[in-house]
Amino acid sequence: MRLVLVGPPGAGKGTQAQFIASHLSIPKISTGDIFRDNVSHGTALGRRAQAFMKRGDLVPDEVTIAMVTDRLADDDAGSGFLLDGFPRNVPQAETLKKMLSAWDTRLDVVLELVVDDDEVVRRLSGRRTCRRCGRVWHSTFDPPAQPGICDDCGGELFQRDDDREETIRHRLEVYQQQTAPLVSFYADEGILLGIDATGPVDEITERALSALRRFIR
Ligand code: ADP
Ligand code: AMP
């Protein structure tokens, strides 16, 4: 299955992506994770992306598209993938469509996680990420047994630079202006599926998987 998750920052895309991708046995490709990995390793790509990310702006399309093109050409993405965080504007969506069509394929479905702004702010302000394995926690909604330490790998948890209040507000504006138009773009393509993404994480995963069932091939 070739699947895209769309929704505002904090909607739970990363959280759901790990369960959905593992259930469907497809790789989860998160552009935010790839950028953060490059920033932490000080690569040329990371140095290029860092200032945009810190401000909560989108990294320029030519940089992002080149990175995704490379990643989608990897063998493990040949028979399906789950994209988390890409596309994030209409030009990226159009490029993805052309890229897949050149490979004689297309997206099967775009799953929109629907959550209101107040919930998104609550989720982002408590988000904590493991420095070692990347697993996402929440200081109140999904706390690790020991504060600041990842239950899965014992790594140190940190708060993302772009999860401070000012930047959160800016990222929500960027979402409304640049990413939200993708909802009607994909509705027009006839492949948009929306689910209510509020409630316990495992119930949302169930909701997502049962909505996706008719697209599984
Ligand atoms: P996104 O990838 O869309 O930016 P994340 O998956 O990183 O969002 O989730 C943002 C924060 O919200 C994290 O701290 C995560 O633990 C928390 N979270 C995710 N899903 C839920 C949920 N259903 N209820 C409460 N908190 C959630
Ligand atoms: P995320 O982890 O999805 O919240 O992404 C974190 C940051 O990475 C974003 O605020 C952007 O600066 C950058 N980023 C991630 N995906 C994209 C994309 N598709 N296009 C441009 N910038 C992106």
Side-chain angles (χ1 to χ4, degrees), residues 4-21 28-40 45-46 48-69 71-72 82-96 111-116 118-130 134-144 150-152 157-164 167-175 177-179 182 195-208:
V4 165
L5 291 191
V6 73
K13 299 181 297 298
T15 302
Q16 294 301 329
Q18 58 195 352
F19 299 120
I20 296 171
K28 154 184 129 103
I29 300 175
S30 156
T31 43
D33 284 352
I34 301 174
F35 279 133
R36 276 184 293 280
D37 201 43
N38 276 276
V39 169
S40 70
L45 175 64
R48 187 99 210 260
Q50 191 164 25
F52 297 97
M53 296 173 75
K54 193 160 183 177
R55 286 197 302 269
D57 286 327
L58 296 188
V59 176
D61 284 351
E62 84 263 18
V63 176
T64 307
I65 288 168
M67 178 180 91
V68 171
T69 306
R71 180 62 188 90
L72 288 180
L82 183 163
L83 280 169
D84 159 18
F86 182 94
R88 235 171 166 111
N89 57 27
V90 171
Q92 290 183 7
E94 277 165 347
T95 307
L96 177 64
L111 184 68
E112 182 194 6
L113 301 185
V114 180
V115 186
D116 68 37
D118 288 345
E119 177 67 8
V120 153
V121 172
R122 279 193 290 274
R123 289 185 185 182
L124 290 180
S125 44
R127 173 159 62 186
R128 299 292 181 269
T129 307
C130 175
R135 156 105 203 236
V136 173
W137 298 89
H138 190 283
S139 51
T140 314
F141 304 143
D142 185 18
C150 178
D151 282 1
D152 285 2
L157 304 187
F158 72 101
Q159 182 172 32
R160 278 171 47 173
D161 263 359
D162 56 355
D163 280 346
R164 323 258 163 199
T167 322
I168 291 175
R169 245 180 283 130
H170 181 61
R171 285 161 68 212
L172 288 174
E173 283 165 19
V174 169
Y175 178 79
Q177 284 165 9
Q178 302 193 48
T179 311
L182 290 180
I195 60 162
D196 171 10
T198 52
V201 168
D202 54 347
E203 282 181 22
I204 298 166
T205 310
E206 257 319 299
R207 222 173 277 157

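In each ligand, atom 1 is the first atom listed, and ligand 1 is the first ligand listed.
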At a 4.0 Å cut-off, with the gap strictly under it, does some heavy atom of Ala11 reach an atom of ligand 1?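 It does, in that a heavy atom of Ala11 comes within the 4.0 Å cut-off of ligand 1.
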State if Pro8 counts as touching ligand 1 under the rule of any non-hydrogen atom under 4.0 Å.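 Per 4.0 Å heavy-atom rule, Pro8 contacts ligand 1.
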[atom] - nearest protein heavy atom and its distance:
atom	value
atom 23 (N) of ligand 1	Gly199 O, 2.8 Å
atom 7 (O) of ligand 1	Arg127 NH1, 2.6 Å
atom 6 (O) of ligand 1	Thr15 OG1, 2.6 Å
atom 4 (O) of ligand 1	Gly10 N, 2.8 Å
atom 22 (C) of ligand 1	Arg123 NH2, 3.5 Å

Ligand-side contact atoms (ligand 1) for residue partner [X], heavy atom cut-off under 4.0 Å:
X	value
Lys13	1 (P), 2 (O), 3 (O), 4 (O), 6 (O), 8 (O)
Val136	7 (O), 13 (C), 14 (O), 15 (C), 16 (O)
Phe141	25 (C), 26 (N)
Trp137	13 (C), 14 (O), 16 (O)
Ile204	23 (N)
Gly12	1 (P), 3 (O), 5 (P), 6 (O), 8 (O), 9 (O)
Gly14	1 (P), 2 (O), 6 (O)

Assess Arg88 against Phe86: is NZ or CZ under 6.0 Å from the centre of the six-membered ring, and within 45 degrees of the ring's axis? no
Hey, mind stepping through Asp162 and Arg127 against salt bridge (Lys or Arg N to Asp or Glu O under 4.0 Å) and telling me if it holds? CA-CA 11 Å; Asp162 56 355; Arg127 173 159 62 186; 5.0 Å; no
Under 3.5 Å donor-acceptor, Thr31 side chain and Gly85 backbone: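 The answer is yes, because a donor-acceptor pair under 3.5 Å joins these two groups.
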For ligand 2, list the protein residues that place a heavy atom within a distance below 4.0 Å of one of its atoms, sorted by chain and number.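 These residues qualify: Thr31, Gly32, Phe35, Arg36, Met53, Asp57, Leu58, Val59, Thr64, Gly85, Phe86, Arg88, Gln92, Arg160, Asp162, Arg171.
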Sub-3.5 Å N/O-N/O distance, Asp84 and ligand 1: no
